[in-house]
Asker: 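Quick one: the structure is below, questions incoming.
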Number of protein chains: 2
Amino acid sequence: MDCVKVALLGCGTVGTQVARLIGEQSKDFTARIGAPLELCGIAVRDASVQRDSSIDTSLLTENPSEIIAQADIVVELIGGIEPARTYILEAFSHGASVVTGNKALLAAHGPELYEAAAKAQVDLYYEASVAGAIPVVYGLRESLAGDRITHVLGIVNGTTNYILDEMAVNGLSFDEALKQAQDLGYAEADPTADVDGLDAAAKCAILASLAFHTRACIDDVHVQGIRDITAHDIASAADAGYVLKLVAHAKRRGEEIELSVGPTLIPLEHPLASVHGSFNAVVVEAEAADRLMFYGRGAGGAPTASAVLSDVVAAASHKVNGGHAPRELIYGNAQIVSVDDMQARFQLELLVRDEIGVLTNVTGIFARYGVSISAVSQTNSREAKGICRLIVRTHEVKRRDLHAALEELSHVNFVDSVARVMTVEEN
Amino acid sequence: MDCVKVALLGCGTVGTQVARLIGEQSKDFTARIGAPLELCGIAVRDASVQRDSSIDTSLLTENPSEIIAQADIVVELIGGIEPARTYILEAFSHGASVVTGNKALLAAHGPELYEAAAKAQVDLYYEASVAGAIPVVYGLRESLAGDRITHVLGIVNGTTNYILDEMAVNGLSFDEALKQAQDLGYAEADPTADVDGLDAAAKCAILASLAFHTRACIDDVHVQGIRDITAHDIASAADAGYVLKLVAHAKRRGEEIELSVGPTLIPLEHPLASVHGSFNAVVVEAEAADRLMFYGRGAGGAPTASAVLSDVVAAASHKVNGGHAPRELIYGNAQIVSVDDMQARFQLELLVRDEIGVLTNVTGIFARYGVSISAVSQTNSREAKGICRLIVRTHEVKRRDLHAALEELSHVNFVDSVARVMTVEEN
C-alpha cells in the first residue's frame, strides 16, 4: 500500500486538530504505520466558512460520500445519530475502516455498527467516544483481555466535575458554577446532556459493553443528574470525609450487570477523589489485575484528537500490515438489573423531630425493610425549631428496600422530610 | 489454527497465576482469540518441588528447549539476563512470539531482542516488565501512537513507595519501614535493587525507549535511591505542601532526553501524590493529549499475570487472525543528556550560621552560578547553638550549576553543611 487515505467527516474543534496533527506529524506517522497517511478530504456542512490556517481548504467538500468512496479510513466527527450512522455504514460498504468519537451513536446503535464492521472485515475504533484522551477503551478492549472485569466506575463528564469541584473548592452555588463553566466554554448553552447525566450515561453504556462483553445501551442506565445538588450537600459530604462526584457505575453481579450514573460520595482516599476540574478518570476493577485507574483530559480539541489519531494509526497499521482490531465479543449473557434491584450503599439525610426515641423509631423502620445501617449521626445544627438533621449511612442494600423504608418514613409524624439520598462508594 | 500453544518458562508467583488463569478462563480466551489457548508445558528448575494445586504437574519439565520447540507463544518469567535471553532468542528462531516480564533483560538487551523479533516476524510483548498490571507499555506503544510524548514520570517501584508511605503516614524510620516491607513480602531480603533505585531505573529505560522511540538502557539513567531519607526529610516535605516519592523521570528537551530516578518532592495536588502503599502510577505528558495517568498494582502474582495474559491474548490473536505487534520504532535521534547537564527544580537544606547577612551571602553565591531561587525559608528550630536551617527552592537549573554553587557554599565559613538536595516536581 503506497499510502493510507483518510477522509475526515466534520471539521469542528476536534476535526481541526486531527487535520493539523496529520500534517505536522506526517514523518512520525509514516514510521509508525509503514506507509504515509494522506488526508484525502474533509467533509463540512459549509465549505465557505473561515477555517483555522492549518486546514488545507482545497480538501474541503460538502459531499461526504465523495471522499468516503476514496478512503481507506473514515474519521467520523460529525456527532449525533444521523447522518453519522449512514456515513459509517457507507464507509464499511466501501471497505473503509472507521474511527469515531460519537458516543451518542455507539450508545444507541453500537451492536449494529460492530456487526457491520465485522461483516465488512474492517475496523471500528472509538477511543475518543469515552473520556477524551484517556485510553480506557483500549484498556478494556485490549489491555484487560486476559482478565475478568468486575466493576467500572468513572468520572466521565468534565463539565459536571468542574461544576462540583468549583462548588466544593470555591464555595459556588450550582447556578454560579454552571454559569462559570459556560463562560469558560466547558458547558454548552443548553447544559442538559451534561448536568442531567445523559452524556455520562452514554459513556457508561459503552464502557459496560466493553467490560462485560455484552450489549448495553443508554436506556439500560439508571440516571440521576446534579441539578439539585446544593452547597450544603457538598459541605456535609466533606464533613463526613467524602467528596461528591458524578460517577458512572457499571458493576457485574454474577451473570447480571448494574448500570447507573449519579451523584456519589467518594471517600477522600479513593483515587477518584483527587480528580479535579475538567479532568476525567475511570477506575476498573478486575479479578486478577485488582484496581486500575486511567486519568486524563476528558475533552478538548487536541486531547480528543490524540485519541482519534491513536485509532487512526492502529487502523492504518492493519491496512498496511494485516490483522484487525479486536472484535466486539458479545459472548456474555448478562441481564441488566432493574433499578429496583440495584444494590448500593446509600447516605440519606432526614429532618426529624428533636425528641427522645426518634432514633429508635427511625432505625426500627429501616430494619423492618431489611435496610442495614452502618452509621447514623445527628448534626448539631437545628434546621428549625424542634427539628434536627439525621445522616444515615447504609450497608449495601437494594434500592427497592430503601425506597420502601423511605416511603414509610415519609408518612410517620416524627419525620419532617427526607432531604437527600446519594450512593456511597467504598475505598 | 486449531489451538495456540503456550510454553511457560518459570512457575513462581506470577507463573503460577498465569497457568491458573489460562485454565480457569479458557472459554473467555477462546472467544477473544478465535481459537483455544493450550498450555503445552511449564519449564521449572526442579520439577519435584511441591506446587500450587492449580498446576497440572504432567506439564512440568526441566528442559525448556523441549517446550519452546512446540510453542506458538513462549511466556518467559524466569527473570535475569541469562538464560532468559538465550531462551527468548531460541523461541524467535522457532517462530514463536514471546511475552516477557523481564525488565532487567529489556533494560540491558532490549534493542537486540526487538530486532530479533522483527527479523523473525514474530511479536515481543512485555507489558508486565513495567508497573505490573498497569497497561502503560500498551499506552505508550499503541494508545499514544498519534501523539508526541514530552515527559514520563512514574512511581514504578512498589517497595520504595510502601516504605516512603509508611514513613510519611505512620512515622516509621527508614529501617523500620524496610523491615515491615520485608515482613509483608513487599521487599526482598536483599533490598538493594529496590531501595537504591535500580529496579526503577530499568523501568525508566524501558519507558523512555517506548516514549521517545530511541534506545535507552539502564546505564543512561542517573540514579539516586532512598536509603538515606529520614523522617525529618518527609516531615519538612509535608510542611512545605509536598510528599516525597521515588520517581522515575524521562523527559524530552528538544532532540535530547534526560533520564533519572530519585527522591522527588511532589506537590499534594499532583496526581502522583495520592499514590499510596505498594501501588504504582505513571504520568505521561504528551503534546496533544496533555497529562494522562495510569494507576494500579505494580507487583503481585495475579496483577502481573493479568498483564502477561493481555499480551498472550494479543500475540495469540495475531497468530490466529494475522497482523503483528507494533514494531519498536527507533527513528528518534535522541541524545542522552549527561548528569551535569540535566535540569530540574531543586530543594536543598543548608545549615548556616544564625547571623545577619547570611541570607544575602547565600543567595549571592547561588546567583553567581546562575542558580535562580524561587523560595527561601528559615525554619524556627535551631539545630545547634548559633546554627539555623535554610530551605531553598530553585527554578529549573542545571545540576552542574547547582553543584558548583553548593561546592562553594560548602567552603564558606557561614555555612555549616548542605543537608539534603532533592528534585521538586511542579503541579
Side-chain angles (χ1 to χ4, degrees), chain A residues 17 21 25 27-29 31-34 127 132-135 138-139 142-148 213 269 271 273-276 279 281 283-284 286-297 300 302-303 305-314 317-318 321-324 326-327 329 331, chain B residues 17 21 25 27-29 31-34 127 132-135 138-139 142-148 213 269 271 273-276 279 281 283-284 286-297 300 302-303 305-314 317-318 321-324 326-327 329 331:
Chain A
Q17 294 301 316
L21 291 165
Q25 301 192 7
K27 204 178 119 226
D28 290 354
F29 285 127
R32 287 171 204 182
I33 294 161
E127 185 60 72
I134 307 173
Y138 239 88
E142 315 210 20
S143 298
L144 285 159
D147 209 333
R148 270 192 228 196
H213 308 285
E269 308 76 35
S274 42
V275 177
H276 294 296
F279 274 90
V283 166
V284 179
E287 286 179 6
D290 198 354
R291 179 181 283 174
L292 296 169
M293 183 171 79
F294 302 79
Y295 166 98
R297 293 270 173 210
S306 174
V308 167
L309 285 167
S310 72
D311 284 349
V312 169
V313 168
S317 182
H318 293 144
N321 305 305
H324 60 67
R327 298 292 181 230
L329 292 165
Y331 59 83
Chain B
Q17 293 301 316
L21 291 165
Q25 301 191 10
K27 202 178 121 225
D28 290 353
F29 286 126
R32 286 172 204 180
I33 295 161
E127 185 60 72
I134 307 173
Y138 239 89
E142 315 210 21
S143 298
L144 285 159
D147 209 332
R148 271 193 227 195
H213 308 287
E269 309 75 35
S274 41
V275 177
H276 294 296
F279 274 90
V283 166
V284 178
E287 285 179 7
D290 198 356
R291 179 181 283 175
L292 295 170
M293 184 172 78
F294 302 79
Y295 166 98
R297 293 268 173 210
S306 174
V308 167
L309 285 167
S310 72
D311 284 349
V312 168
V313 168
S317 183
H318 293 145
N321 305 305
H324 61 68
R327 297 291 180 233
L329 291 166
Y331 59 83

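Each chain gets a letter, A, B and so on, in the order the sequences are listed, and its residues count up from 1.
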Asker: Output all residues satisfying salt bridge (charged side-chain N to carboxylate O under 4.0 Å, His left out) with E287(A), sequence neighbours left out; order by chain, then residue number.
Answerer: R252(A)
Asker: Among D147(B), L309(B), D311(B), V284(B), which residue forms the greatest number of heavy-atom pairs with chain A at distances under 4.5 Å?
Answerer: D147(B)
Asker: Over all heavy atoms of both residues, which pair between L21(A) and A288(B) is shortest? Give the atoms and the distance, please.
Answerer: CD1-CB, 3.9 Å
Asker: Side chain, backbone, both or neither: which part of F294(B) has a non-hydrogen atom closer than 4.5 Å to chain A?
Answerer: both
Asker: Where does I134(B) contact chain A at under 4.5 Å (heavy atoms): side chain, backbone, both or neither?
Answerer: both
Asker: Tell me the closest heavy-atom pair linking D28(A) and R148(B), and the distance in Å.
Answerer: OD2-NE, 3.5 Å
Asker: Based on non-hydrogen pairs under 4.5 Å, which of P135(B), A273(B), A289(B), A133(B) is most in contact with chain A?
Answerer: A289(B)
Asker: Which pair of non-hydrogen atoms, one from R32(B) and one from L144(A), has the smallest distance, and what is that distance?
Answerer: NH1-O, 3.7 Å
Asker: Which one, H324(B), H318(B), E269(B), leads in non-hydrogen pairs under 4.5 Å with chain A?
Answerer: H324(B)
Asker: If we define contacts as heavy-atom pairs under 4.5 Å, which of V308(A), V283(A), N321(A) has the most with chain B?
Answerer: N321(A)
Asker: Select, from G322(B), A305(B), A314(B), P303(B), the one with the greatest count of heavy-atom pairs under 4.5 Å involving chain A.
Answerer: P303(B)
Asker: Ignoring hydrogens and geometry beyond distance, is a side-chain donor-acceptor pair present between S310(B) and S143(A) at under 3.5 Å?
Answerer: no
Asker: Side chain, backbone, both or neither: which part of S274(B) has an atom under 4.5 Å from a heavy atom of chain A?
Answerer: side chain
Asker: So, taking the atom named CG in D290(B) and the one named CZ in F279(A), what distance separates them when rounded to the nearest 0.5 Å?
Answerer: 5.5 Å
Asker: Provide the closest heavy-atom pair for P271(A) versus Y295(B) in the form atom of the first, atom of the second, distance.
Answerer: CG-CE2, 4.0 Å
Asker: Which residue out of A302(A), G296(A), G132(A) racks up the most heavy-atom pairs below 4.5 Å with chain B?
Answerer: A302(A)
Asker: Looking at R291(B), Q25(B), E127(B), which has the largest count of heavy-atom pairs under 4.5 Å with chain A?
Answerer: Q25(B)
